[in-house]
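Read through the structure below, which is laid out as structure tokens, and then see the notes.
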2 protein chains.
Amino acid sequence: MSTAEETADGEPQPWAEVTPDAARRLLVAAVEAFAERGYHATTTRDIAGRAGMSPAALYIHYKTKEELLHRISRIGHEKALDILRTAAGREGSPAERLADAVSSFVRWHAGGRTTARVVQYELDSLGPDARAEIIALRRRVDAEVRTIIEDGVAAGDFDVPDVPGTTLAVLSLCIDVARWFNVTGPRTPEMVGDLYADLVLRMVGAGT
Amino acid sequence: MSTAEETADGEPQPWAEVTPDAARRLLVAAVEAFAERGYHATTTRDIAGRAGMSPAALYIHYKTKEELLHRISRIGHEKALDILRTAAGREGSPAERLADAVSSFVRWHAGGRTTARVVQYELDSLGPDARAEIIALRRRVDAEVRTIIEDGVAAGDFDVPDVPGTTLAVLSLCIDVARWFNVTGPRTPEMVGDLYADLVLRMVGAGT
DNA sequence: GGGCACTCTAAGCGCTCGCTCAGTATCGGG
DNA sequence: CCCGATACTGAGCGAGCGCTTAGAGTGCCC
């Protein structure tokens with residue numbers, strides 16, 4: 001059985017780094033279950049069942065249920081940070097880079113809504129140490145967006161009275177997509193990404 | 001003991017309608033616990049303990065733990081809808097009404113973050129019937145904002161290519177305040193309300 | 001003062017939870 | 001042909017869950 005980068009279930013696989021195969025199956029099952037019911041309402045029996053294994057098998061690959069959430073959260077945040085860094089590092093005007101960052105960030109939240117939900121909304125279910133690690137990653141996400149906005153202000157392209165506040169609002173807008181986006185709804189991730197890129201450019205006062 | 005509209009704990013009391021007194025104390029305790037830990041991670045023993053009562057006392061006033069969440073969710077949504085309706089019904093230009101609606105809606109989410117968190121993020125913990133009732137209330141919230149934006153477009157004050165999408169984004173932005181707002185942080189609810197009203201006016205293309 | 005309605009508690013029932021452990025199947029190396 | 005290592009299962013432990021029940025305390029009407 002070869003491990004492809006994409007599976008047929010619509011969700012791209014950013015979990016190729018998780019080995020062995022059984023550990024990845026458990027992790028993918030946990031992402032689905034956490035996204036559907038929330039961390040606390042999900043049982044280890046449910047996770048193992050979705051992965052086609054007995055409840056005890058989970059504990060061969062993970063020490064606790066919380067370790068599963070921790071792993072999911074870290075990998076997810078690293079992927080989100082990677083997306084923003086790629087967009088921020090591209091050539092082009094601040095407006096182009098901001099639009100690119102927002103649309104790709106939104107596409108990730110909409111298309112991988114299952115993962116994004118767990119990553120963005122189950123932070124409080126982690127213990128103090130794991131939470132601190134994730135919060136550090138979030139600060140780097142924030143810095144990435146803030147830098148683009150600062151570049152735009154410095155270049156005279158943007159009109160932003162409150163850079164930290166606007167950065168917060170832009171990220172908040174993107175992240176909340178994971179809450180309301182519906183795969184069976186009328187909008188594709190691409191449509192929402194384009195709409196949001198336009199709205200954010202308006203927010204920073206960049207004329208189209 | 002007189003029942004004032006406000007208590008000393010910083011959170012205004014929209015729970016005056018809940019009687020008798022013991023039922024209200026239980027409900028306020030449940031709001032705090034649900035906001036801190038989430039619905040599923042909160043135990044009925046914890047709620048009763050916060051209200052200074054035995055675990056069994058909860059079941060004199062509420063049939064189940066879910067009924068508590070349902071009551072909180074309905075009252076909260078009615079309050080949110082009320083805030084938007086008041087702002088939408090005032091006299092003034094569409095821009096003034098939209099700014100008013102956004103700033104007051106945001107102030108409610110930031111100032112009453114404890115309540116807003118439960119109201120906005122625990123919807124999935126309700127059963128099908130209760131959830132359907134709450135979703136109906138949300139549609140009315142959406143309609144309230146959409147009407148203001150449509151008025152602005154009709155009057156030629158706003159430039160909005162996608163009215164439903166922009167409505168969704170505006171509400172999403174406001175609601176997510178309940179996720180990130182920190183009472184001990186640098187911003188007051190009023191500051192966030194003003195900032196967000198400005199950002200939303202930019203989103204709809206209304207010149208300041 | 002007796003009866004009743006209301007409010008609350010102590011105790012605990014049945015259940016499911018996260019997690020453990022003894023034992024089994026499989027397989028490559030000697 | 002046996003060995004130990006690896007991956008997994010069946011059974012179940014102690015704990016804590018939502019919720020119930022029997023009964024006690026309190027105040028109000030007659």
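Letters A, B, ... are given to chains in the order of the sequence lines, protein chains preceding strands, and every chain is numbered from 1.
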Query - B/Pro20 or B/Ala56, whichever maps to the more 5' nucleotide of DNA chain C - result: B/Pro20
Query - Donor/acceptor link under 3.5 angstrom from B/Arg45 side chain onto base of D/dG18 - result: yes
Query - Heavy-atom side-chain proximity of A/Met53 to A/Leu58 below 4.5 angstrom - result: no
Requested in this report: Starting at atom CE of A/Met53, determine the distance to atom P of C/dA25, rounded to an integer number of angstrom.
Outcome: 18 Å
Query raised in the report: Which part of the nucleic acid, if any, lies within reach of A/Ser54 when heavy atoms closer than 4.0 Å are counted: base, sugar-phosphate only, or nothing?
Result: base
Requested in this report: Compare the minimum distances between each of D/dC17, D/dC19, D/dC8 and the side chain of B/Thr43, then state the nucleotide with the smallest one.
Outcome: D/dC17
Side-chain N or O of [X] closer than 4.0 Å to phosphate OP1/OP2 of [N]:
X       : N      : answer
A/Tyr59 : C/dC19 : yes
B/His61 : C/dC8  : yes
A/Thr44 : C/dG18 : yes

Query raised in the report: For the atom pair CG (A/Leu168) and CG (A/Leu173), what is the distance rounded to the nearest 0.5 Å?
Result: 11.5 Å
Requested in this report: Could you tell me whether A/Lys65 sits above the aromatic face of A/Tyr39, with NZ or CZ closer than 6.0 angstrom to the six-membered ring centre and within 45 degrees of the axis?
Outcome: yes
Report task. Hey, can you tell me if B/Trp108 and B/Phe105 have their rings parallel, tilted or perpendicular (30° and 60° cut-offs)? Result -> parallel
Report summary line: Between A/Ile60 and B/Thr42, whichever has its closest DNA chain D nucleotide further toward 5' is A/Ile60
